[in-house]
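Below is one structure, written out as structure tokens, with a few remarks after it.
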Amino acid sequence: MSVNISEIFGTNVFSMAVMKERLPKKVFKEVEDVMENGGNISMTTADEVANAMKDWAVEKGATHYTHWFQPLTGVTAEKHDSFITAPEDSKTLLQLTGKQLIMGEPDASSFPSGGLRATHYARGYTAWDITSPAFVKEMSAGTILCIPTIFVSYTGEALDKKTPLLRSMEAIDEQARRILKLFGKTDVKKVTPSVGPEQEYFLVDREKYLKRRDMIYTGRTLFGAPAPKGQELDDQYFGVIRERVGAFMADLNKELWKLGIPATTQHNEVAPAQHEMAPIYAQVNLAVDQNQLTMETMKRVATRHGLVCLLHEKPYAGVNGSGKHNNWSISTDTGENLLDPGATPNENLQFLLVLACIMKAVDTHADILRCSASCVGNEHRLGAQEAPPAIISIFLGDQLDDVVNQIVDNAESINLLTAGHLDSGVSTVPIINKDATDRNRTSPFAFTGNKFEFRMVGSSDTIADANITLDAIVAEAMSEAADILEKADDFNSACRNLIHEWMVKHHRIIFNGNGYSDEWVAEAEKRGLPNLHSLVDAVPSLTTEKAVALYEKFNIYTRAELASRAEIRYETYAKVLRIEARTMVHMVSKHYIPAVIHYNTRLANSISAVTEAVPDANVTVQKNLLSRCSALLAETASALASLKIIHAKVDAMENMEEMAHAYHDQVVPAMQALRRPVDELELLVDKDMWPVPTYGDLMFEV
Ligand code: ADP
Ligand code: MG
């Protein structure tokens, strides 16, 4: 398949270039101005934009439009309405008005609100987010014009992920500009966070997937014995991409490019049938939209290839799970990246101040940062012997670590470690300049040259929460720094003092060692760093006075919004676990127990038949198997009965927080107790009689 990227890139996006071409100059100027400086566009302008958007979409084959928003489910929502108007003389016009573009009122009562709407009004409104471009999506339902919107309640509370994200961007923009002003950079009009999310995923054959109720209902396997081969040979990581997977990737790229998503990196990941796609980074609100679209497109394209794309954080036990590395930086409209240390970070006061702010922010708010990456599937990764640990720390690498240590030690002058050259010893290979930092794969928050890589986010999760949190906590530290430094008589020495003070105070957040080790867990405890094992332990961090003060200061969340988001996290946790528990009960009752009974009967028949034919024949193999399988069958039945009893009790609880904790403390162990005998049976029972595809079938036959 040959593709001309420059011909297809962005063809499905109503971009600035398209607007410039299609809108009268004055109208375009007004739109551009609102995009850059905020404010409202007039109704006549909205009408003109809407009409141009409709004409453009119709030329692309669009029949419907939708407000496209990101409710608190973590995925996107859309409701299609066609462009047609009421027919007259059996003719109809195609129309999109300014009002339809700007505002919608979907029946919002079925979206999670965490109790917000119960106490206020039931109405929810979608409002056009002018900073994210509209696009057309080609689906089997037709070609649909998607208008990115925020989603708020009648009284203005955010009911989505986009509204607080936009608010957090405004906070960091304002505070970072105060810092830059202190360094004489008054020409900066805008500071924006940028993000490049690396998306991991698994592919599985659709036919096999459809034979597993656990994958269908929960997106992961709830049972399954390990295959003889796992990831131990490291032959999958960066390995040659198999043909069918390659065809999927090529198709995916094409679809993403049309949507203006700069998909660039693709490779096989560590686990069998695991892969990764990374786009080129974009400003954060666009990156959030694009990541949502990427996940959706991955699923859609997979079905065309007879595959299913699994975005769950842990589809299979025993091999690596999937995450989403959130590469985050902040840059100015004048082209400066505030996280770029330059050649001499030891002398770069502005960079060191920004670094001190980030150290302070991450140390002060480690709990909410951890919480921002808490989705139910991520429970199997964070703090569960897999990348990364649940303890937040910062990795700086040798060079910066050394600079920070010298500052902490109050050194007279600060020296710089140089990386030197890499000499491979092969005369024909050029000598290369080494990076000043080696990589550290176990850190949850790692400095990687000119950005921080937040590695905790789950593969299925929106990246909105992580970035709202990052923007907010760094804005707070910058605001405190600016409060102090704006008053200083001698800026340079005040700035040095502040950097020293904060780096001393927050030095405990720096950790350059192995984040998976038990020593680190002990060390982190000594340092007083929070180790929030589970989502249910992390949620209370959202509503502490510290968190409320932070978010209210920048109008990102009100106390009520935070309480509602905490409630939704508990509720979602309980709901997902409920589905998992029910699915286990279903599979054991309907699939596994009948299959084992069938197999046991066959063994018993074999024993009778063989003994009848040859009375002194040796039937110990059948007998041993039969007694082992019977014992495991009994164990399965008893674990099933326990799970049902425990689940019924927990599910009857009324308080959401208590219910979530009870699911975690009681139902999860009961689920594990049920899985164990079933997985052991899988290794004993005749493969032809086993009711579902095995790990080997799922991971190695893609
Ligand atoms: P890795 O080696 O960890 O895969 P890459 O250099 O490939 O890292 O980058 C991963 C992601 O980080 C990509 O999406 C890339 O666009 C993004 N990225 C690169 N530079 C920046 C930056 N300054 N700010 C934000 N994201 C960035
Ligand atoms: Mg990476």
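We're numbering straight along the sequence, starting at 1. Indexing begins at 1, ligand by ligand and atom by atom, following the structure's order.
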task = Taking only Lys NZ, Arg NE, NH1 and NH2, and the carboxylate oxygens of Asp or Glu, determine whether E476 and K360 approach each other closer than 4.0 Å.
result = no
note = So the atoms of ligand 1 within less than 4.0 Å of a heavy atom of N337 turn out to be 23 (N)
ask   = Taking 4.0 angstrom as the limit, do D340 and K451 come out as a salt bridge?
value = no
query = Contact between N450 and ligand 1, counting heavy atoms under 4.0 Å?
reply = yes
ask   = Who are the salt bridge (charged side-chain N to carboxylate O under 4.0 Å, His left out) partners of K137, not counting sequence neighbours?
value = E78, E296
task = Could you say whether the N/O atoms of W328 and ligand 1 ever approach to under 3.5 Å?
result = no
ask   = Among P262, A278, S194, P279, which residue places a heavy atom closest to atom 14 (O) of ligand 1?
value = P279
ask   = Considering only heavy atoms, does E198 approach ligand 1 within less than 4.0 Å through its side chain, its backbone, both, or neither?
value = side chain
ask   = Would you call D235 and K229 a salt bridge, taking side-chain N to carboxylate O under 4.0 Å as the test?
value = yes
ask   = Salt bridge or not for K258 and E138, using N-O below 4.0 Å?
value = yes
task = Determine yes or no for a side-chain-to-main-chain donor-acceptor pair under 3.5 angstrom, with N337 supplying the side chain and N450 the backbone.
result = yes
key: For I280, atoms of ligand 1 separated by under 4.0 Å from a heavy atom   = 16 (O)
N-O pairing of R304 and D251 below 4.0 Å = yes
key: Residue portion contacting ligand 1 (non-hydrogen atoms closer than 4.0 Å) for T448   = neither
query = Would E453 count as a contact of ligand 1 if the rule is a heavy atom under 4.0 Å away?
reply = yes
key: N or O pair under 3.5 Å between S329 and ligand 1   = yes
